[in-house]
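Just so it is clear, the model here is predicted, and its values are computed rather than measured. Computed from heavy atoms alone, side chains included, the values below leave out hydrogens, waters and symmetry copies. Residue numbering restarts at 1 for every chain, and letters A, B, ... go by the order of the sequence lines.
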Amino acid sequence: MSTAMAVVAAEDGLDLAVPAASVHLERPASREHGDWSTNVAMVTAKKAGTNPRALATSVVGVLERDLPDHVASVEVAGPGFVNFRLDDGWLHDALAAVLDQGEEGYARPDIGHGEKVQVEFISANPTGPIHVGNGWWGSYGDALARVLARSGHVVSREYYVNDTGGQIRTLGTSLLARHRGEEVPEGGYRGEYVTELAADYDGPDDVAVAGRWAAARILDRIKATLDSVGIVFDEWYSQASIEESGAVDETIALLDAKGLIFEEDGKTWFRSTELGDTRDRVLRKENGDATYLAGDLAYHRDKFLVRGFDRVIDVFGADHHGQVASLMAGVEALGVEPGRLEVKLGQMVSLVDGGEAVKMGKRAGNAIDLDTVINDIGPDATRILSLMSTLDQAATFDLATVREQSVENPVFYVQMANARIAGVGRKAVERGISRTPLAAVDLSLLTHPRELELLRCLEELPEVVADAAVDRAPTKVTTWVRRLASCFHGFYHDCPILADDVDPAVAQARLWLVEAARIGLAIGLGLLGVSAPEAM
RNA sequence: GCCCCUGUAGCUCAGCGGAUAGAGCGUCGCCCUCCGGAGGCGAAAGCGCAGGUUCGAGUCCUGCCAGGGGCACCA
């Protein structure tokens, strides 16, 4: 780390000499190009009136007068890159840092500086079982929250419960029909769960009461399902409570004060076209009921203006795309700076099973039930699969590849690395070998390419966490975890740790390297919400 | 018609504007007197099409083609 800082300082020195805008210090894709590389010469050559290679050459000349710690050489390459080659010592220092900071302290880049951010996700209506799309986007939201929390943000996870309105009435109607042994009316909920619930219902023959009763039951089941994949919330926020509190009227009044409200056809309208929406929106219908948007605006007013979140990230399914423009317009109208509300849209997910499309379940009615998938492939596979592709990708997944513990199972590959790490620990105990204190271990004995590769991977984790947070892309953690597992398997294959003919000093250094790998895996899997079993 | 997302290897997906585009599966080879071969090593194979910006484009911009999702006083 201190080495990296020294290199950055060298780069800063250059910034003073040459005005530069987009100077990067980065890890080259190919190791032949060194450990670090900067494009400073290419970016600045034009303004400096020279060519990149010539500038790079003089830069290297300056640097070579006094090389920073751990820098073995600096050279010009390609179109004008300045490449730094480091000695292995910087990796040994990095290893010591991982071990020193441990699972709690390592890879906690403070990019949030305590920013209060709310992540709202899933928020599926309690009118039926949660489906796979919710599980996929939910895994994203949960992992994003974890990544943000690890990178210096104060995070709150929230589920907005749509426990009022027309859909709940429809649920009540459907439940009562089944309760009487009748068919569900057109447009109602026909899934088997309604029949199951109806059998237990012993309340009054009242649509509103029946609807609330059923919604509460269904919400309990949703919670149980999410709990089984480790998705938890800090807050379950009731839509009914917003409407009952008078917040909707207050919000409309706020908009009215800005001249954005008008009455027409007996309805109350929001002039959202003033703020980029495609048409104006109704907030209160002729019968006096608030629309969904009215409630949603009151809800977002509560998030920003009452509870004081600096930033709110809403994770919706792509089928809610149509809501975004009016929500954004409304939030801006309420005086919230654009940018403090981010909406992430998760594209649709489809499942196949050995090439055959998975059919929608009878139980859920019109979608693939998340519970069924979790029971099939397990919570860990459900989560890691969800986090292997980006939110923007309309992904297709094959359940057959992850159903059993098999070679082609990506979850298994990663967890196997952890099991092997634990196995090394068990074997060490068996052989009566224990780790000597780190201070007495010579980490510089780690020189095998496999060892160095593993160290490089571990050293990148803080940067990966930071990137994942900034880009709102927890999949970057998934990619890293798989790479770490790959590096570990390679190391494990080629570098015996406890074999009889291994120098005890080397064995000690390797044991500590294994411990660092354990720390890295634990952090990475923890961010993904995937368990790290010690045996398979 | 308008808006959003996507098009990367036979398949499923990764790829902060950088150098030779990666992984898993599938296909074809190789490695067990070794700590768990549930591993490792290697080969063949790819950026939808056409322009543009840039020293440099899979990545940014425009157009076209193809697929998915939206366009409510429902959520």
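With its ring centre under 5.5 Å from that of the base six-membered ring and a plane angle below 30°, A/H320 counts as stacked on B/A75. Stacking between A/Y413 and B/A38 is absent: the aromatic ring centre is not both under 5.5 angstrom from the base six-membered ring centre and within 30 degrees in plane angle.
Side-chain nitrogen and oxygen atoms of A/Q415 include none within less than 4.0 Å of the OP1 or OP2 phosphate oxygen of B/A38. At least one side-chain nitrogen or oxygen of A/R420 sits closer than 4.0 Å to the OP1 or OP2 atom of B/G37. Dashed line: the shortest gap from a side-chain N or O of A/R482 to OP1 or OP2 of B/G15 is not under 4.0 Å. When the side-chain nitrogen and oxygen atoms of A/K285 are compared with OP1 and OP2 of B/C74, one or more of them lie within a distance under 4.0 Å.
Pairing of B/A43, defined by two Watson-Crick or G-U wobble distances under 3.5 Å, is identified with B/U27. Remark: B/C60 base-pairs with B/G52; criterion is Watson-Crick or G-U wobble with both hydrogen-bond distances under 3.5 Å. Judged by Watson-Crick or G-U wobble contacts below 3.5 Å, the nucleotide B/C71 has B/G1 as its partner. The pairing partner recorded for B/U20 is none, the criterion being a Watson-Crick or G-U wobble arrangement whose two distances lie under 3.5 angstrom. Base pairing of B/G37: no nucleotide in any strand meets the Watson-Crick or G-U wobble criterion (both distances under 3.5 Å). Across all strands shown, the partner of B/A66 is B/U6, judged by Watson-Crick or G-U wobble contacts whose two distances both fall under 3.5 Å.
Residue A/F262 holds its CZ atom at 5.5 Å from CD of A/E264, rounded to the nearest 0.5 Å.
Each of A/W136, A/F233, A/Y159 was scored for a ring-ring contact (aromatic ring centres under 6.0 Å, His included) with A/F121, with one residue passing: A/F233.
Here B/A19 is the nucleotide among B/A19, B/C13, B/A14 with the atom lying nearest to any side-chain atom of A/A77. Checking B/G39, B/C41, B/G36 against every side-chain atom of A/Y492, the shortest atom distance belongs to B/G36. The side chain of A/Q167 lies closest to B/A75, out of B/A75, B/A38, B/U12.
Among the atoms of the strands shown, none is found under 4.0 Å from any heavy atom of A/S30. Residue A/C495 is classed as a base contact, given a heavy-atom separation below 4.0 Å to a base. Note on A/D392: only backbone sugar-phosphate atoms sit closer than 4.0 angstrom, heavy atoms only; bases stay farther off. Among the atoms of the strands shown, base atoms are found under 4.0 Å from some heavy atom of A/R426. Across all strands, A/E32 comes closer than 4.0 Å to base atoms (heavy-atom distances). If you check every strand for non-hydrogen atoms under 4.0 Å, A/H33 touches a base. Residue contacts for A/D467: at a heavy-atom cut-off of 4.0 Å it reaches no nucleic acid atom on any strand shown. Among the heavy atoms of the strands, none lies under 4.0 Å from A/R284.
With hydrogens and angles left out, the side-chain atoms of A/Y299 and A/E158 include a donor and acceptor closer than 3.5 Å.
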Counting primed atoms plus P, OP1 and OP2 as sugar-phosphate and everything else as base, spell out the protein contacts along nucleotides 55-62 of chain B at 4.0 Å heavy-atom distance: B, S or - for each nucleotide, 5' to 3'. S-------

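In terms of polar N and O atoms assigned as donor or acceptor, the side chain of A/S37 comes within less than 3.5 Å of the base of B/A19 in a complementary pairing. Contact annotation: side chain of A/H493 to base of B/G39, donor-acceptor pair present below 3.5 Å.
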